[in-house]
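Notes to accompany the following structure.
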Protein chains: 2
Amino acid sequence: MILKKGGSVENNMNAPVYTAASLKAELNEKGWRLTPQRETILQVFQNLSEGKHLSAEDLYEVLKADGEGISLSTIYRTLKLMARMGILRELELAEGHKHYELNQPYPHHHHHLICVRCSKTIEFKSDPILKIGTKAAQKEGYHILDCQLTIHAVCPTCQRALLPV
Amino acid sequence: MILKKGGSVENNMNAPVYTAASLKAELNEKGWRLTPQRETILQVFQNLSEGKHLSAEDLYEVLKADGEGISLSTIYRTLKLMARMGILRELELAEGHKHYELNQPYPHHHHHLICVRCSKTIEFKSDPILKIGTKAAQKEGYHILDCQLTIHAVCPTCQRALLPV
DNA sequence: AGAGTAGTTGATGATTATTCTCAATAAGTG
DNA sequence: CACTTATTGAGAATAATCATCAACTACTCT
Ligand SMILES: [Mn+2]
Ligand SMILES: [Mn+2]
Ligand SMILES: [Zn+2]
Ligand SMILES: [Zn+2]
């Protein structure tokens with residue numbers, strides 16, 4: 001993975017999302033700071049190819065391999081911070097640990113179909129769902145951060161396997 | 001909570017769901033067994049009032065209070081088993097632990113709007129979502145178990161609180 | 001630019017939800 | 001009723017995540 005330092009950053013779908021500057025602005029507005037670690041982590045997610053999702057440990061390893069050593073403490077803190085800011089989405093794609101991806105707005109917004117046996121995940125899009133979710137949040141006065149349809153299912157391979165539940 | 005022993009069981013919305021007999025049939029078909037513990041746990045969920053969700057610990061306490069002592073080991077095993085069977089849905093309503101509820105079919109199927117700050121949860125219905133989810137799973141040949149829209153947001157109260165993320 | 005304030009990091013230890021192990025028990029079968 | 005084997009319960013083990021705190025540094029204000 002190539003980390004572009006400084007300047008504006010685009011994601012892999014050619015839709016401009018966050019720049020270091022816009023992240024800094026949003027952080028500072030709340031009295032927080034833009035650190036090199038936070039900027040680096042954002043860039044990793046922005047450069048992540050489509051359909052990829054990272055766990056905390058995954059991110060830790062990616063950064064280590066890139067020569068950017070960031071502590072697991074900071075990784076966990078940053079993932080949670082960015083999820084709460086609405087920059088990242090927190091996904092339950094497998095048992096035991098969370099995965100994260102960039103929270104992309106329409107029209108790149110998507111959902112997940114997950115095999116509960118082998119965790120094979122397929123992404124799919126649906127504009128109506130985003131609309132319905134947005135409306136439901138609005139109706140209750142909630143400020144929406146993320147809206148994700150999760151389908152738990154058994155993939156064709158695992159159906160054939162006839163494994164014990 | 002009142003646990004009805006034996007006979008057919010109805011949920012709080014007057015829609016017949018699982019009976020002890022139908023659970024037994026489904027279990028035996030796979031070589032599993034219907035135990036008093038499994039039957040009791042199913043009944044707890046069937047008698048749960050609308051909008052309630054139980055964690056493993058919650059369920060453990062409910063059963064203890066009811067004089068039905070079931071070990072935490074069995075609770076965890078049974079929750080996972082029933083979720084994999086599609087009888088229960090596994091929900092991420094709060095940080096740190098899962099919640100469970102009966103996986104009710106249409107027209108009782110519903111979704112969750114969750115405050116990421118205080119975990120206040122609102123349920124809402126949407127038939128189109130269930131249709132979209134079912135179609136997405138079918139298209140990929142996945143055998144659907146559950147289909148849930150999760151909206152992460154900040155509730156009106158927490159918006160006013162201006163708390164640190 | 002320099003100083004001060006307070007948010008952030010990284011190392012480490014703590015927590016805790018969930019799983020594993022295994023001997024004792026009991027459900028299903030015929 | 002006897003047999004096979006899934007299931008239970010107690011306790012230990014695991015692992016993801018969080019808390020703590022001293023050292024560091026981003027930001028703000030002269
Ligand atoms: Mn995705
Ligand atoms: Mn619910
Ligand atoms: Zn699978
Ligand atoms: Zn709230």
Side-chain angles (χ1 to χ4, degrees), chain A residues 6 20-21 23-42 53-61 63-64 68-85 88 90-100 116 119 163-165, chain B residues 6 20-42 53-61 63-64 68-85 88 90-100 116 119 162-165:
Chain A
L23 175 61
K24 174 167 161 51
E26 191 161 331
L27 286 165
N28 290 349
E29 182 192 355
K30 288 169 180 143
W32 303 327
R33 297 171 185 178
L34 176 63
T35 62
Q37 290 89 341
R38 288 175 179 172
E39 187 175 345
T40 298
I41 289 174
L42 176 62
H53 310 95
L54 298 181
S55 67
E57 199 71 36
D58 291 339
L59 179 55
Y60 180 69
E61 295 301 335
L63 290 167
K64 190 153 61 177
E68 310 261 354
I70 298 185
S71 74
L72 259 180
S73 299
T74 299
I75 303 261
Y76 275 108
R77 271 186 306 240
T78 305
L79 290 175
K80 177 176 264 188
L81 175 74
M82 290 187 174
R84 296 252 182 135
M85 290 175 74
L88 297 180
E90 207 167 62
L91 308 169
E92 302 285 338
L93 301 181
E95 300 265 292
H97 58 276
K98 298 183 175 110
H99 282 86
Y100 296 83
V116 299
S119 295
L163 295 166
V165 167
Chain B
S22 72
L23 175 61
K24 175 167 161 47
E26 191 160 333
L27 285 166
N28 290 350
E29 182 191 355
K30 288 169 180 145
W32 314 138
R33 297 169 185 180
L34 177 62
T35 63
Q37 289 90 341
R38 288 175 179 173
E39 186 175 348
T40 298
I41 289 173
L42 176 62
H53 310 95
L54 298 181
S55 67
E57 200 69 39
D58 291 339
L59 179 57
Y60 180 68
E61 296 301 334
L63 290 167
K64 189 154 60 178
E68 309 263 356
I70 297 185
S71 75
L72 259 182
S73 299
T74 298
I75 303 259
Y76 275 107
R77 272 188 303 240
T78 305
L79 290 175
K80 178 176 266 191
L81 175 74
M82 291 187 173
R84 296 252 183 135
M85 290 174 74
L88 298 180
E90 206 166 62
L91 308 169
E92 301 286 338
L93 301 180
E95 300 266 292
H97 59 276
K98 298 182 175 108
H99 282 85
Y100 296 83
V116 297
S119 295
L162 281 181
L163 296 166
V165 165

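Each chain gets a letter, A, B and so on, in the order its sequence line appears, and its residues count up from 1.
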Pick the closest DNA chain D nucleotide for B/Ser71 and for B/Gly31 by heavy atoms, then say which residue is nearer the 5' end.
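By nearest-heavy-atom nucleotide position, the 5'-most residue is B/Gly31.
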Both B/Glu95 and B/Leu27 contact DNA chain D. Which one's nearest nucleotide lies toward the 5' end?
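Final value for this comparison: B/Leu27.
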Let me know the distance between [atom1] of [X] and [atom2] of [N], rounded to the nearest Å.
X	N	atom1	atom2	answer
B/Glu90	C/dT18	CD	P	8 Å
A/Leu81	C/dT9	CG	P	9 Å
A/Arg33	D/dA26	CZ	C1'	5 Å
A/Trp32	C/dT8	CH2	C1'	13 Å
B/Arg84	C/dT19	CZ	C1'	12 Å
B/Ile41	D/dT7	CD1	C1'	12 Å
B/Tyr60	C/dT18	OH	P	15 Å
A/Leu23	D/dA26	CG	C1'	13 Å

To the nearest 0.5 Å, what is the distance between [atom1] ([X]) and [atom2] ([Y])?
X	Y	atom1	atom2	value
A/Leu81	A/Leu88	CG	CG	9.0 Å
B/Arg77	B/Ile70	CZ	CD1	11.0 Å
B/Met85	B/Leu27	CE	CG	4.5 Å
A/Leu79	A/Arg84	CG	CZ	13.0 Å
B/Thr74	B/Leu63	OG1	CG	10.5 Å

Using a 4.0 Å heavy-atom cut-off, does B/Leu72 contact any base of the nucleic acid, only the sugar-phosphate backbone, or nothing at all?
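Counting heavy atoms under 4.0 Å across all strands, no contact is made by B/Leu72.
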Side chain of [X], base of [N]: donor and acceptor closer than 3.5 Å?
X	N	result
B/Ser73	D/dA10	yes
B/Arg77	D/dG9	yes
B/Arg38	D/dT7	no

If only side-chain N and O atoms of [X] are considered, is one of them under 4.0 Å from the OP1 or OP2 phosphate oxygen of [N]?
X	N	value
B/Lys80	C/dT19	yes
A/Tyr76	D/dC18	no
A/Lys24	D/dC27	yes
B/Lys98	C/dA17	no
A/Gln37	D/dT25	no
B/Asn28	C/dA27	no

Pick the closest DNA chain C nucleotide for B/Ala56 and for A/Thr35 by heavy atoms, then say which residue is nearer the 5' end.
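Closer to the 5' end of DNA chain C: A/Thr35.
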In terms of side-chain geometry, is the basic nitrogen of B/Lys98 or A/Glu92 positioned less than 4.0 Å from the acidic oxygen of its partner?
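No, no charged N to carboxylate O under 4.0 Å.
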